[in-house]
Amino acid sequence: MLAYAPLLVALLCFAGTSATPILTRQNALANCLAPLTPVTSSDSSYSSDVASFNQRLEYTPAFFLKPTSVAQISSIVSCAASNGATVSARSGGHSYASYSTIGQVTIDLAAFSNITYNNADGTAVIGAGNRLGDIALALNDQGRALPHGTCPYVGIGGHASFGGFGLAGRMWGLTVDNIIGFDVVLANGTAVAGVTPDTDADLFWALAGSAPSYAIVTAFHVQTYAAPPTAINFDYSWPAGTLTSSNAAFLFKSFQDFGATAPKELGISYTLGQGGSVELSGVYYGTKNEFENVFGGFVDSMAGGYSTSVQEMTWIESLADLAGGQSLDTSGAAESRDDFLAKSLVTPEGMPIEDEVLQSFMDYCFNTTTSTEWFVEVNLYGGANSTINALPLSANSFGHRDSHLVFQMYASSSNYAPPYPDEGFTFLSDMYNTIVEPMSGTWGTSWGAYVNYVDPTLSADQTKELYWGTQYDRLASLKAKYDSQNIFSNPQSIQASS
């Protein structure tokens, strides 16, 4: 009985099946799942099995399952749905809010690690249990590539479902923009292979940007690209103490302005660290001479005191370099964990952050004392040549198609382990507001947040507006169509319209 205590607590709050006695449903769910050997809190492996990347937010699902077939996932979801339990799926477990283990029933997708490539049309089918590093290696073996993030241990599940930004994104689009089909298990337990715009336009649209609110994705069908023959990895770094806050603000303004016309082959980030360190880094997918022609004028305008690294590499060498010392092969390696909070900001195209606001932001970052270990990474997302912005908003349910920069403001506890300091919340909130408060009048409703940098401190209204904007009403309508019982839910998932 004690093994199912977390579910009992959760079911006390579940209104959808209140007519059925709680203990009856609890026992019925346990019996239904028993043939699939769920891990529960009485098992010795439970703590390690349910552990999240972000230790600040740890959840305790009543049943943790490791299916090896789509049929088993169908059975699990059917059991949960018939007994009023919520379900979450874990691909890599990197949800910033630990939402991949928030379900009363949690499904681990690690066994779904197949990758098959079709040489005839350049498409691939990628199991939802794969991590980005392993995907990159497998596709590279075929001379192919896919736009995605740089952290090799991140699972494709949430990454691709909610967007999937990476340094090749301005050239090829987001990961989600290159999905041509999904294999899924729906909220009633039905397995559907090959959901495409032709087979079910509504479901495909919802999945491509918001999948975890509608289904368990077991595989992604994607269009791949020929791996670029050369990639120029570059890094210009100013150590802490080299720049003043005014220097850093001017450099950011130059970065912001340069991005407006930067070629699509360029992926670039501005990273601000503790003590005022600054790094301009990224990749140019072309030759070194082409990179120098593109970037030379920008370099000439930069403040001195920086160190430089510009290296010509292959596609896969570039990804390995961007991984920051982590192996692209994630098999058998222990992964580090963190204890952190993050906030994100997506700025609108054509409305740059004003000079005075940039200066206030830099003054705050340079002068505010905090016990946290923090950084701010700002990626160029848009510009006139960006493939991401070239797609219409109607292409899928991703919420941002007219944006310029994506901020990630990230602060960890001092030793990257609990407890997280209360002042960390205030530190990040105040940092965020140095930009948002003075710019919101100019931006109106055209700015937002990136759902893969999920921020659990956002309210329900903020979640709707900042993550999905005008997409939300259609998403809410489709939630009612495909998951009216809210089986796939978390505090920031899509809520069905009434």
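Every value quoted in this text rests on a predicted model; they were computed, and no experiment measured them.
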Without hydrogens or angle criteria, can the side chains of [X] and [Y] be said to hold a donor-acceptor pair below 3.5 Å?
X	Y	result
S412	W374	no
D461	S459	no
N54	D338	no
D329	S331	yes
S269	N379	yes
S98	E58	no
E373	S414	no
T224	R144	yes
S88	T106	yes
D49	S45	yes
D483	Q485	no

Measure the [atom1]-[atom2] distance between [X] and [Y] for me, rounded to the nearest 0.5 Å.
X	Y	atom1	atom2	value
S344	M409	OG	CE	8.5 Å
L186	Y482	CG	OH	8.0 Å
S95	F162	OG	CZ	8.0 Å
L146	L139	CG	CG	6.5 Å
S336	F53	OG	CZ	5.5 Å
L328	L137	CG	CG	5.0 Å

H94 vs Y153, test: side-chain contact (heavy atoms from CB on, under 4.5 Å). Steps then yes/no. CA-CA 8 Å; H94 280 78; Y153 282 83; 3.9 Å; yes
Would you find a donor on one side and an acceptor on the other, under 3.5 Å apart, between the side chain of [X] and the backbone of [Y]?
X	Y	value
E377	T271	no
N140	G143	no
N130	I126	no
D43	T40	yes
H159	G149	yes

Between [X] and [Y], is any pair of side-chain heavy atoms under 4.5 Å apart?
X	Y	answer
I156	F220	yes
F112	V217	no
K343	T457	yes
F64	I107	no
F165	I388	yes
I115	V125	no
R337	Y416	no
T347	I435	no

Looking at D422, I want to see if its CG is surrounded by more than 12 non-hydrogen atoms of other residues, nucleotides or ligands under 6.0 Å.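 It does not: D422 CG has 12 such atoms or fewer within range.
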Over all atoms of both residues, closest heavy-atom pair of E423 and T372: OE2-N, 3.9 Å
Given L458 and L466, is the side-chain contact (heavy atoms from CB on, under 4.5 Å) satisfied, shown in steps? CA-CA 9 Å; L458 295 179; L466 298 180; 4.2 Å; yes
Please evaluate residues Y453 and Y450 with respect to the criterion ring pair (Phe, Tyr, Trp, His ring centres under 6.0 Å), reporting the C-alpha separation (whole Å), side-chain torsions for both, the decisive distance (0.1 Å), and the verdict. CA-CA 6 Å; Y453 301 150; Y450 180 39; 4.9 Å; yes
So if I apply the ring-ring contact (aromatic ring centres under 6.0 Å, His included) rule between F427 and each of Y364, Y432, Y410, which one comes out positive?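 With F427 as partner, ring-ring contact (aromatic ring centres under 6.0 Å, His included) holds for just one option, Y364.
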With sequence neighbours excluded, residues passing salt bridge (Lys or Arg N to Asp or Glu O under 4.0 Å) with R474: D202
Taking the basic N atoms (NZ, or NE/NH1/NH2) and the acidic carboxylate oxygens, is any pair closer than 4.0 Å for [X] and [Y]?
X	Y	answer
R401	E349	no
D339	R56	no
D108	R90	yes

Between H404 and N389, is a side chain to side chain donor-acceptor pair (under 3.5 Å) present by the stated rule, with each step listed? CA-CA 9 Å; H404 193 55; N389 283 351; over 6 Å; no
With side-chain contact (heavy atoms from CB on, under 4.5 Å) as the test, would you mind laying out the steps for Y420 and S413 before giving the verdict? CA-CA 5 Å; Y420 191 78; S413 60; 4.2 Å; yes
Could you walk me through whether T445 and E465 pass side chain to side chain donor-acceptor pair (under 3.5 Å), step by step? CA-CA 8 Å; T445 60; E465 181 178 337; 5.8 Å; no
Classify the angle between the aromatic ring planes of [X] and [Y] as parallel (below 30°), tilted (30 to 60°) or perpendicular (above 60°).
X	Y	result
F340	Y96	perpendicular
F398	H400	perpendicular
W315	W172	tilted

Quick one: which residue pairs count as a side-chain hydrogen bond (donor to acceptor under 3.5 Å, both in side chains) with a foot in residues 211-220, not counting sequence neighbours? none
Applying side-chain contact (heavy atoms from CB on, under 4.5 Å), run through L405 and V346 and close with a yes or a no. CA-CA 6 Å; L405 302 175; V346 179; over 6 Å; no
Of I76, V184, V87, which is the lone residue that meets side chain to side chain contact (heavy atoms under 4.5 Å, CB included) with I216? V87
